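Here is the structure we will look at, set down as structure tokens.
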2 protein chains.
Amino acid sequence: MYLVVAETLAAQIADMHVGTRLPPEDKLARQLGVSRLTARAALAELESRYLVLRRQGSGTFVSRRIDYTISRDNPPSWSASVRNAGRTPAIRTTSWRLDKPPVEVRRRMRIDARRQLLAVSRDRYVDDELVGFADSWLDPELLPDLPQTLDTTASLHDVLDRHYRLEPVRGWFGVAIDPAPPEVARHLRLHGHPPVIAIRSRTDAAARGHRPVELTISWLRADIFRVDVDFDTNP
Amino acid sequence: MYLVVAETLAAQIADMHVGTRLPPEDKLARQLGVSRLTARAALAELESRYLVLRRQGSGTFVSRRIDYTISRDNPPSWSASVRNAGRTPAIRTTSWRLDKPPVEVRRRMRIDARRQLLAVSRDRYVDDELVGFADSWLDPELLPDLPQTLDTTASLHDVLDRHYRLEPVRGWFGVAIDPAPPEVARHLRLHGHPPVIAIRSRTDAAARGHRPVELTISWLRADIFRVDVDFDTNP
DNA sequence: TAGTGGTCTAGACCACATA
DNA sequence: ATGTGGTCTAGACCACTAT
């Protein structure tokens with residue numbers, strides 16, 4: 001029965017704009033002649049299909065996942081993907097520091113144990129809602145005066161490309177989807193352990209003999225983004 | 001409250017073997033002094049973390065996702081990944097035919113409209129449970145007498161490698177996670193639209209000038225597999 | 001101070017798998 | 001036939017967000 005209700009709502013939702021508010025659960029239940037729990041089950045089904053977002057105290061809203069394609073050729077532009085979906089991206093740098101990176105980062109960046117890297121944390125917003133964050137490790141030798149050049153909203157790729165002329169290319173990447181680890185769930189203010197997408201990626205400088213420039217670990221809400229890996233092995 | 005229950009159970013489950021059966025909901029509810037719905041909510045939480053699998057009429061069982069890594073170097077061996085997790089893989093070929101492929105397949109395989117390819121459908125099992133299936137399109141010119149050589153359980157990669165000596169390498173791949181389309185849900189006997197992983201991949205023959213050999217579209221249950229893409233761009 | 005979704009109760013019946 | 005998870009009811013209170 002809740003599946004029938006869900007199908008009905010799904011069909012109606014298909015024509016609605018993102019952000020439209022659905023009727024509250026009790027109204028929906030009365031309208032359809034079912035109990036509130038049944039109406040809830042239907043809405044949960046829609047939520048599992050990423051067709052709605054639910055916010056306690058606020059309401060149920062029509063939603064669509066945002067396509068984020070990871071490929072060889074396209075620059076890894078998160079902001080462009082969000083804009084492409086007709087939404088408004090924002091990036092805020094939350095912290096800066098010069099620090100020794102952990103071993104895995106050292107290995108991936110091919111640097112020795114004495115080197116320090118620039119650690120940058122950035123939060124990602126879509127339409128003013130926090131939907132992800134990223135921790136980056138950057139090589140300060142390749143990026144003199146970075147704090148001055150990286151404004152809060154710019155894409156890292158654009159800065160490496162246009163300001164430093166490093167011809168940034170993707171050197172390595174990893175993608176997996178997992179239940180949100182506690183610290184990630186806390187940072188994104190999620191309850192429980194909803195699925196999140198972990199993207200690890202390294203950018204190399206083609207203009208400097210493919211020397212690694214930066215390594216980023218980013219976390220994105222899996223209900224907001226549809227990450228699509230599309231990769232040609234032989235260009 | 002159900003989150004507390006879930007944490008308690010999660011801690012106990014951590015030490016248990018895959019496949020162990022948990023107490024039924026009503027027993028659990030009585031033991032913990034909560035209503036059955038609360039016990040259910042806790043079990044649903046564990047299910048969303050992939051720690052248990054629930055089967056109507058049968059019970060709730062301890063589970064772990066199976067790691068399936070897609071990388072440049074490793075051959076794309078699904079069976080090896082399953083065995084590596086201490087589980088038993090099986091593949092069953094369900095259909096065979098010579099047919100004209102759809103446009104997207106033609107484009108990816110770089111063949112003209114007149115060519116026919118071998119279409120093979122295979123079901124994938126883990127411990128005798130259906131967990132995915134794959135539709136492959138193979139080039140019969142590169143694979144003479146294939147129907148005789150491909151036994152029901154062999155990995156396609158192994159056959160291309162050992163029997164035909166084609167030096168198979170991954171030519172292209174795409175990965176995304178989506179709510180199961182109706183026909184996929186039906187095939188895998190899933191209710192609703194639970195998330196499934198779609199993997200599209202093309203194998204090329206390094207021994208034949210990297211000519212495309214086969215294109216496979218496979219669907220895997222996202223609650224059973226943890227697909228991990230780990231890709232070096234510059235080998 | 002509403003109004004929203006989130007949780008919980010007790011009880012009932014159903015669908016499905018297994019023996 | 002039994003036992004399991006799946007669904008549904010009616011009603012209550014709570015947590016959170018917005019006004």
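Every value quoted in this text rests on a predicted model; they were computed, and no experiment measured them. Chain letters run A, B, ... following the sequence lines, proteins first, then strands; residues in each count from 1.
If you check residues 1-19 of chain A against DNA chain D, the residues with a heavy atom closer than 4.0 Å are A:Met1, A:Tyr2, listed by number. Taking a 4.0 Å limit (strictly below) on heavy-atom distances, residues 28-50 of chain A reaches DNA chain C at A:Arg36, A:Arg40.
Using a 4.5 Å heavy-atom cutoff, the side chains of A:Arg65 and A:Ile224 are not in contact. Looking at heavy atoms from C-beta onward, B:Phe133 lies out of side-chain contact with B:Arg124 at the 4.5 angstrom threshold.
No hydrogens or angles considered: nothing links the side chains of B:Arg122 and B:Thr94 as a donor-acceptor pair under 3.5 Å. Side-chain contact annotation: A:Tyr125 with A:Arg92, donor-acceptor N/O pair under 3.5 Å present. For the residue pair A:Ser58/A:Gln56, the side-chain donor-acceptor check at 3.5 Å is not satisfied. A side-chain donor from one of B:Asp123 and B:His187 sits under 3.5 Å from a side-chain acceptor of the other.
Residues meeting the side-chain hydrogen bond (donor to acceptor under 3.5 Å, both in side chains) test with B:Asp230, sequence neighbours left out: A:Trp172. Taking the ring pair (Phe, Tyr, Trp, His ring centres under 6.0 Å) definition, one finds that A:His193 meets it with nothing, sequence neighbours left out.
The pair B:Arg40-B:Glu47 does not meet the salt-bridge criterion, since no charged nitrogen lies less than 4.0 angstrom from a carboxylate oxygen.
Here the range on DNA chain C touched by chain A, meaning any atom under 4.0 Å from one of its heavy atoms, is C:dG3 to C:dT7.
Of the possible donor and acceptor atoms, none in the side chain of B:Arg226 sits under 3.5 Å from a partner among the backbone N and O of B:Arg64. Put simply, the side chain of A:Asp127 gets close to the backbone of A:Thr88: a donor and an acceptor are under 3.5 Å apart.
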For each nucleotide in nucleotides 14-19 of chain D, reading 5' to 3', give B when a protein heavy atom comes within less than 4.0 Å of its base, S when such contact involves only the sugar-phosphate, and - otherwise.
-BBB--
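Here D:dG3 presents its C1' atom at 9 Å from CG of B:Asp26, a figure rounded to the nearest Å.
In this structure, B:Arg55 forms a cation-pi arrangement with B:Phe61, its terminal cationic atom sitting closer than 6.0 Å to the ring centre and no more than 45° off the ring axis.
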